[in-house]
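Both counts, for ligands and for their atoms, begin at 1 and track the order of listing.
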Amino acid sequence: MSSLAMTASAQLERRLDSVLTGTERRRIAVQLGSAMIAGGLLIVGLSQIWLGPPEQRSVGELTMGLAALIVALPIIVDGARGLWTSDPNSQSNQLVALAALAAMASGDFITATLVPVIVHLGHFLEERSLLGAQAAIEGLERLTARRAMLLTDDGEVAVDPDSLRGGDIVVVRPGDVLPADGEVVLGESTIDQSMMTGESIPVDASEGCLVFAGCVNLTGMIRIRVDKAGERTTLGRLREMLAAAEQSKTPVAKAIERYVGYYVPLVLIIAAAVLFLTRDPSRAIAILVVACPVGFLLAGPSAMIACLAVASRLGVLIKNSKFVEVLADVEVAVLDKTGTVTYGKLELIGAEPCGEHSVAVLHDSAFACAHGSLHPVSRAVVAAVHASDPTRERPLGEIHETAGKGVRATIGELVHYLGRADWLTQQGFAMPEEPAHEGPVVWVARADSRTDAREVLGCLLFADRPREDAHHAIEELRELDIERVVLLTGDRRRVAEPIGQHLGVDEVIADVLPEEKLEAVRHERHAAATQEPMSVLVVGDGVNDSPALTEGDVGVAMGAMGSDIAMQSADIVLMGADLRRLPAMIRLSRLTRRAIHQNLAVGIVVPLGMILLASAGIVTPLAGAVLHHVGESFVLFNSARLLRFR
Ligand SMILES: Nc1ncnc2c1ncn2[C@@H]1O[C@H](COP(=O)(O)OP(=O)(O)OP(=O)(O)O)[C@@H](O)[C@H]1O
Ligand SMILES: [Zn+2]
């Protein structure tokens with residue numbers, strides 16, 4: 001355990017180090033360098049004025065003017081550029097540049113030099129702490145394996161992981177980062193998936209296990225057959241989504257940007273008015289200095305970055321930061337059954353052949369369909385067949401899946417069916433009585449196109465285990481004042497009802513098709529008697545859930561191991577299987593929203609108060625340069641508090 005903790009902290013340090021990129025380091029070096037040169041010139045100039053003969057006075061002033069110019073010039077340039085591009089982030093630079101120019105014009109070179117230096121220094125410190133939060137996100141970048149050991153006829157060759165193709169075999173040694181998503185074909189090991197799923201306990205991996213790029217191989221040497229490489233891996237998609245999320249803006253941030261254009265002119269008018277009334281340039285300069293709206297501008301982004309960092313540590317992927325605000329207001333939770341409140345790892349526990357058909361025939365037909373589908377039922381069939389006959393070949397044929405209904409496989413003249421009863425009825429089969437079974441039941445049938453004979457071969461009986469954490473997750477949702485919890489499933493009522501009762505949900509909606517799932521979600525949104533639509537959270541894992549996930553106010557996909565399309569339709573992805581991350585995310589989003597509101601209040605009140613004090617001549621320009629960081633620091637510390645979220 002302690003060694004694990006050590007590697008974790010070493011990892012974190014490496015990541016923090018890598019956070020300051022070359023360009024950033026250079027920029028900071030330039031800023032610090034110019035600040036030091038300016039400070040030196042300032043001292044030289046001052047000593048010329050105070051200690052030197054009176055003729056040197058003007059030389060001393062020139063020296064100090066040079067000092068002011070060195071530190072102010074970059075800010076003036078940036079501020080001017082901001083005028084063209086109307087970038088709200090350059091507003092503080094515009095104000096500081098104006099203040100420095102005004103101070104220079106009034107001959108106050110000490111202020112003109114020190115104000116930009118203090119502002120720069122403050123921003124440098126702020127950036128460090130902000131970047132600390134960002135580090136957690138950028139850590140994903142570092143997870144990407146730099147090389148993969150490809151197994152070729154000539155032995156192992158080191159290649160770029162992006163160049164891997166499906167079907168390649170790669171060798172992964174202990175300590176290596178997995179270069180691609182794929183299946184273990186040889187060897188046994190334990191694998192640290194914590195960066196992907198947020199679960200700290202390493203998992204065992206042996207032949208047949210699915211493993212993911214970005215996870216760390218800990219103990220054994222394994223061979224992996226590549227399924228997806230490069231940007232198509234789960235990690236690759238994760239990175240893309242995170243990059244998009246960081247750039248996305250919350251509604252609050254968007255609203256702010258609309259008004260921010262008026263801010264600089266307003267401050268200028270106030271400063272001009274104060275100058276006109278008091279004839280005291282230092283008051284006007286002080287106003288420009290303290291008016292820096294940095295705290296205000298950072299209010300949203302800093303909290304959001306902290307929130308995204310915590311989420312990614314918990315193994316939760318938020319595709320767009322606007323969903324943080326939506327999540328905070330959720331009133332109804334709609335949960336899928338298979339794969340969401342249950343493990344979705346079905347187990348084939350029995351078969352009931354019809355007539356004189358054998359169980360083997362039943363299995364053959366089912367396997368012909370199942371090997372072409374990723375549905376939990378199909379996976380279970382494949383697993384069961386492979387367990388009894390590991391070398392079983394996958395039959396060639398044309399496979400067609402209808403989401404929420406079943407799979408059809410055409411092999412020669414025979415058409416095999418695996419799916420739910422009502423779907424088979426539609427296909428023209430005469431369905432027998434349903435067996436009494438408390439778990440999922442799936443039917444197998446076969447049609448012969450030569451004779452037009454259609455016969456039901458029988459049914460397969462499955463067992464699924466409810467997740468232990470589902471019960472607690474739902475309890476926690478209720479503690480968070482979620483008004484309604486609904487269980488929504490394509491499975492039969494007979495299976496869903498007891499699970500729903502055990503979990504304590506308000507309603508069980510069973511036997512629905514994918515479109516009906518969407519309908520049900522739409523209904524939940526408009527069910528309330530009030531005019532306001534309810535805010536609905538939808539959680540699901542399968543292909544059959546994707547329409548519903550899109551329809552909900554916020555859609556959550558379960559697990560990186562769920563279906564790709566569910567992950568694409570969702571707004572949030574729970575990488576791990578722990579359902580309790582759901583209430584945790586709602587709590588986090590509420591805390592984040594509160595932090596943003598606090599930040600905004602402080603970000604507005606502090607500069608306004610300071611402007612008043614500066615107008616009254618209580619805050620001097622230099623004091624202002626120090627004090628205006630108070631608001632910004634509060635904002636950043638307040639946002640950083642979110643990082644402690646457990
Ligand atoms: N690919 C498939 N292979 C076999 N049976 C399938 C397949 N797809 C759907 N079915 C059948 O249709 C039923 C409904 O499927 P659907 O995917 O909508 O829901 P589910 O997986 O049972 O449960 P949930 O909606 O809770 O995830 C399944 O119970 C199964 O009987
Ligand atoms: Zn499901």
Side-chain angles (χ1 to χ4, degrees), residues 334-346 348 362-363 365-385 399-409 416-427 429 431 434-435 437-445 456-467 470 486-500 503 505 508-521 538-549 556-559 561-563 565-566 569 579:
V334 176
L335 308 175
D336 166 60
K337 180 181 73 72
T338 316
T340 298
V341 299
T342 71
Y343 283 97
K345 281 194 188 130
L346 302 194
L348 181 59
L362 203 57
H363 280 180
S365 261
F367 183 72
C369 300
H371 78 87
S373 159
L374 289 174
H375 192 276
V377 163
S378 292
R379 284 187 202 219
V381 171
V382 173
V385 170
I399 293 185
H400 183 86
E401 176 162 2
T402 313
K405 293 180 176 172
V407 196
R408 187 188 68 209
H416 307 268
Y417 293 87
L418 173 72
R420 57 197 279 175
D422 49 5
W423 179 60
L424 288 178
T425 309
Q426 281 170 13
Q427 306 293 320
F429 290 97
M431 300 308 294
E434 190 165 280
H437 173 61
E438 289 294 310
V441 173
V442 182
W443 292 87
V444 186
V456 177
L457 302 179
C459 62
L460 300 172
L461 312 178
F462 297 86
D464 193 6
R465 271 185 314 135
R467 292 184 197 278
V486 179
L487 190 66
L488 186 61
T489 178
D491 209 348
R492 295 162 310 140
R493 174 156 296 277
R494 169 181 210 139
V495 185
E497 196 74 62
I499 294 181
L503 294 176
V505 301
V508 175
I509 305 175
D511 266 324
V512 286
L513 295 173
E515 315 83 75
E516 294 169 332
K517 281 198 172 185
L518 184 151
E519 255 336 295
V521 170
V538 182
V539 193
D541 68 317
V543 179
N544 61 334
D545 299 314
S546 71
L549 287 173
V556 178
M558 283 300 286
M561 290 122 222
S563 79
I565 177 159
S569 319
L579 209 54

task = Tell me which part of R492 gets within contact of ligand 1: side chain, backbone, both or neither, using heavy atoms under 4.0 Å.
result = neither

query = For ligand 1, is there an N or O atom under 3.5 Å from any N or O atom of T402?
reply = no

Minimum-distance pair of heavy atoms, taken over all atoms of G344 and P376 = O-CB, 3.5 Å

ask   = Which atoms form the tightest heavy-atom contact between T489 and A496, and what is the distance?
value = CG2-CB, 3.5 Å

CG on L418 to NE2 on H371, rounded to 0.5 Å = 11.5 Å

remark   = In terms of its nearest heavy atom to atom 7 (C) of ligand 1, the top option of E516, H375, R420, R379 is H375

request  = Compute the shortest N/O to N/O distance between V512 and ligand 1 and return yes if it is under 3.5 Å, no if not.
outcome  = no

request  = Output yes when a side-chain donor or acceptor of R408 lies under 3.5 Å from a complementary backbone atom of Y417, and no otherwise.
outcome  = no

ask   = Which heavy-atom pair separates T340 from G540 by the least distance, and what is that distance?
value = OG1-CA, 3.6 Å

task = Please examine the side chains of V495 and E438, heavy atoms only from C-beta on, and report whether any two atoms are closer than 4.5 Å.
result = no

ask   = Is D511 salt-bridged to R493, cutoff N-O under 4.0 Å?
value = no

query = If you take all heavy atoms of V444 and S365, which pair is closest and at what distance?
reply = CG1-CB, 3.5 Å

note = ligand 1 atoms nearer than 4.0 angstrom to some heavy atom of K517 are 24 (P), 25 (O)

key: Per-atom contacts, ligand 1 versus E401 - under 4.0 Å to a heavy atom   = 1 (N)

remark   = Atoms of ligand 1 under 4.0 Å from any heavy atom of K337, numbered from 1 in the order shown, are 26 (O)

inquiry  = Measuring from atom NZ of K517 to atom CG of D336, what distance do you get when rounded to the nearest 0.5 angstrom?
reply    = 4.0 Å

From the candidates D541, T338, L424, the one that places a heavy atom nearest atom 26 (O) of ligand 1 = T338

task = Compute the minimum heavy-atom distance from S378 to ligand 1 and say whether it is under 4.0 Å.
result = yes

task = Could you list which atoms of ligand 1 come closer than 4.0 Å to a heavy atom of S373?
result = 1 (N)

request  = Return yes when G406 approaches ligand 1 closer than 4.0 angstrom through a heavy atom, no otherwise.
outcome  = yes

task = Answer with side chain, backbone, both or neither: which part of V377 has a heavy atom less than 4.0 angstrom from an atom of ligand 1?
result = side chain

request  = Output the distance between atom CG (L503) and atom NZ (K337), rounded to the nearest 0.5 Å.
outcome  = 11.0 Å

request  = Can you figure out which of G490, C459, C369, G404 has its heavy atom closest to atom 12 (O) of ligand 1?
outcome  = G404

query = In terms of atom number and element, which parts of ligand 1 are under 4.0 angstrom from non-hydrogen atoms of T489?
reply = 23 (O), 24 (P), 25 (O), 26 (O)

task = Pull out every atom of ligand 1 sitting under 4.0 Å from any heavy atom of V407, numbered as shown with elements.
result = 1 (N), 2 (C), 3 (N)

ask   = Which of the atoms in ligand 1, numbered in the order shown and given with their element, are less than 4.0 Å from a heavy-atom of D336?
value = 24 (P), 25 (O), 26 (O), 27 (O)

